[in-house]
Amino acid sequence: MIDIRALREDPDAVKAALGRRGVDGAEVDAVIEADAIWRARQRTAEELRSEVKALSRDVGLAMKEGDTARADELRERSRVLGDEERARAAEAEEAETRVRTGLLYLPNIPADDAPDGEGEDDNVEVRRWWPGQDLDRPGPQRLEHQQVPHWEIGEALQILDMERGARLSGSMFPLYRGPGARLLRALTAFAIDRHSPTYEEIRPPTVVLTDTMISTGHLPKFEDDAYHIERDDLWLIPTAEVPLTSMHRGEILEENELPMRFTASTPCYRREAGSAGRDTRGLLRVHEFDKVELFAYTTPEGALDAQADILRRGETMLQELELPYRVLDLCTGDLGGSSARTFDLEAYSPGVDRWLEVSSVSWFRDYQARRANVRFRPASGGQPQLVHTVNGSALAWPRIWAALVETGRQPDGTVVLPEALAPYLGGELLIKAP
RNA sequence: GGAGGGAUGGCAGAGCGGACGAAUGCACAGCUCUUGAAAAGCUGCGAGGUGCGAGCCUCCGUGGGUUCGAAUCCCACUCCCUCCGCCA
């Protein structure tokens, strides 16, 4: 969440900044008003509390001196004040809850450099790459034999079985088989090899507590997007960002430990409630998928470098996989709620003839750290301050799988995978029908 | 699932109804001494809220309760340890 102090000191600046992403000023005003009420009520309650404590001390003294009559009198006064104090405290708590809830629902303040815009059409393309770019190739190619969507290739080669996936779990739960399944495993091994040990490899739990989901901003606002296990009140993670951000929840780190970087391969679960009916064929949008994530806790000064490093790593992998891609600087209207600045990586896939989002590299400033209460003690001494969090996918496999299969399709219908994966596939880069 | 033990500051650990936000040690920071370092000595040292400020308030796993007053007593829950049962 954003800093309540910023809201108190310069509400207009906060409103203007949030207005860039379409937040109604009235929503901000409601929080400011509740905050003023809360503070006033809290003062009242605390003054009463202070009197109760003073009286209680005097009761103790009177007892020690054997002055029972005085003790009884003080006791009675304290009791009356105590009742009053409890009532006032309850009022203060009511206002506090309103402030807290309001803050949890407000999105992050966008970075100054984030481009203005209302939606995905306003995102700014900052870079485009394709194999052979240096050799004067004009752009990504789309050859005749590559114009087949991956679900048809997957069926023909028996490496993707959407029908049987649906039999088990419903639509949008893919089932990979044979070389298709092996390809996923190879991609994960390939990615972890590229980033570990610079990024420490983590295998976190993928079923988490409500607090863990709140820390990243996935709750309470986006409850409908997540799978919830009611019996145990646990949530299936939508991304490894969720457990990684909470790994050091409530801790004070040392500045010399930063940046603290992690990579994790996990399944990710998304209900995709807001996009029912879109991209229902193939792997473009699925409820369960595997993804390798890169994550960092940093100092405020180190955050942009950390973000640049994750973006560079994502790009390098796409180049190694020989997939054309572009980098988008997300506009304020398309930014995720917790993010201050996000760069998306989109790989081009010739079968469906689309740019597919395969990574989203975000800088959250201290928005998530405040929710998760992760701080660091500056090396120069002084009060602990909030860390910054940065993360990005490296990468999301279903869409990479789709792009690799569509890109690698040969005129004879077989698929040839990029050389970089050879060590992870036992040298077997050709996929053909069994 | 059953029985027992535990949870206190960065760490270890005392306190078990009355001035306790909490002894002590370690760690850490500053100073003294020293050519420098070590050792020794002195001083400081949890987090947060609120107030212009002196200050006041909150936090001893979490949530309730008892009491004039709770780290301390009671109840529930969570987590950790030991043992039994079950299980990949």
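Numbered from 1 within each chain, the chains take letters A, B, ... in sequence-line order. Keep in mind that what you see is a predicted model, and the values were worked out from it rather than measured.
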K.L.:
Using only modelled atom types and a 3.5 angstrom limit, is any donor from either the side chain of A:Glu46 or the base of B:G49 paired with an acceptor on the other?
P.N.:
yes

K.L.:
What does the 5'-to-3' dot-bracket notation of RNA chain B look like when only Watson-Crick and G-U wobble pairs under 3.5 Å count, and pairs to other strands show as |?
P.N.:
((((((((.[[[..)..(.....]]].(((((.......))))).(((((....))))).[[[[[..)....]]]]])))))))....

K.L.:
Nearest to the side chain of A:Lys53, which nucleotide is it out of B:G49, B:U58, B:G69?
P.N.:
B:U58

K.L.:
Within the structure, does a side-chain N or O atom of A:Arg39 lie under 4.0 Å from either OP1 or OP2 of B:G51?
P.N.:
yes

K.L.:
NA contact type, A:Arg8, heavy-atom cut-off 4.0 Å: base, sugar-phosphate, or nothing?
P.N.:
sugar-phosphate

K.L.:
Answer yes or no: is there an ion pair linking A:Arg341 with A:Asp329, defined by an N-O contact shorter than 4.0 Å?
P.N.:
yes

K.L.:
Any luck finding a side-chain donor-acceptor pair between A:Glu241 and A:Gln368 under 3.5 Å?
P.N.:
yes

K.L.:
For a quick check of understanding: with a heavy-atom distance under 4.0 Å over all strands, which category does A:Arg375 fall into, base, sugar-phosphate or nothing?
P.N.:
sugar-phosphate

K.L.:
Taking any heavy-atom pair under 4.0 Å as a contact, classify A:Leu81: base, sugar-phosphate, or nothing.
P.N.:
nothing

K.L.:
Between B:C57, B:U50, B:G48, which nucleotide has the shortest distance from any of its atoms to the side chain of A:Ser50?
P.N.:
B:C57

K.L.:
Between A:Phe173 and A:Tyr227, what is the ring plane arrangement, given parallel below 30°, perpendicular above 60°, and tilted in between?
P.N.:
tilted

K.L.:
Please determine whether a side-chain nitrogen or oxygen atom of A:Lys64 lies at a distance below 4.0 Å from atom OP1 or OP2 of B:A19.
P.N.:
no

K.L.:
What pairs with A:Pro423 under side chain to side chain contact (heavy atoms under 4.5 Å, CB included), at least two apart in sequence or on another chain?
P.N.:
none

K.L.:
With the side chain of A:Ile252 defined as its heavy atoms from C-beta on, choose the nearest nucleotide among B:A47, B:U50, B:A19.
P.N.:
B:A47

K.L.:
Can you tell whether the side chains of A:Glu47 and A:Arg88 come within less than 4.0 Å, N to carboxylate O?
P.N.:
no

K.L.:
Are the charged groups of A:Glu163 and A:Arg167 less than 4.0 angstrom apart, N to O?
P.N.:
no

K.L.:
For B:U58, does OP1 or OP2 lie under 4.0 Å from any side-chain N or O of A:Arg49?
P.N.:
yes

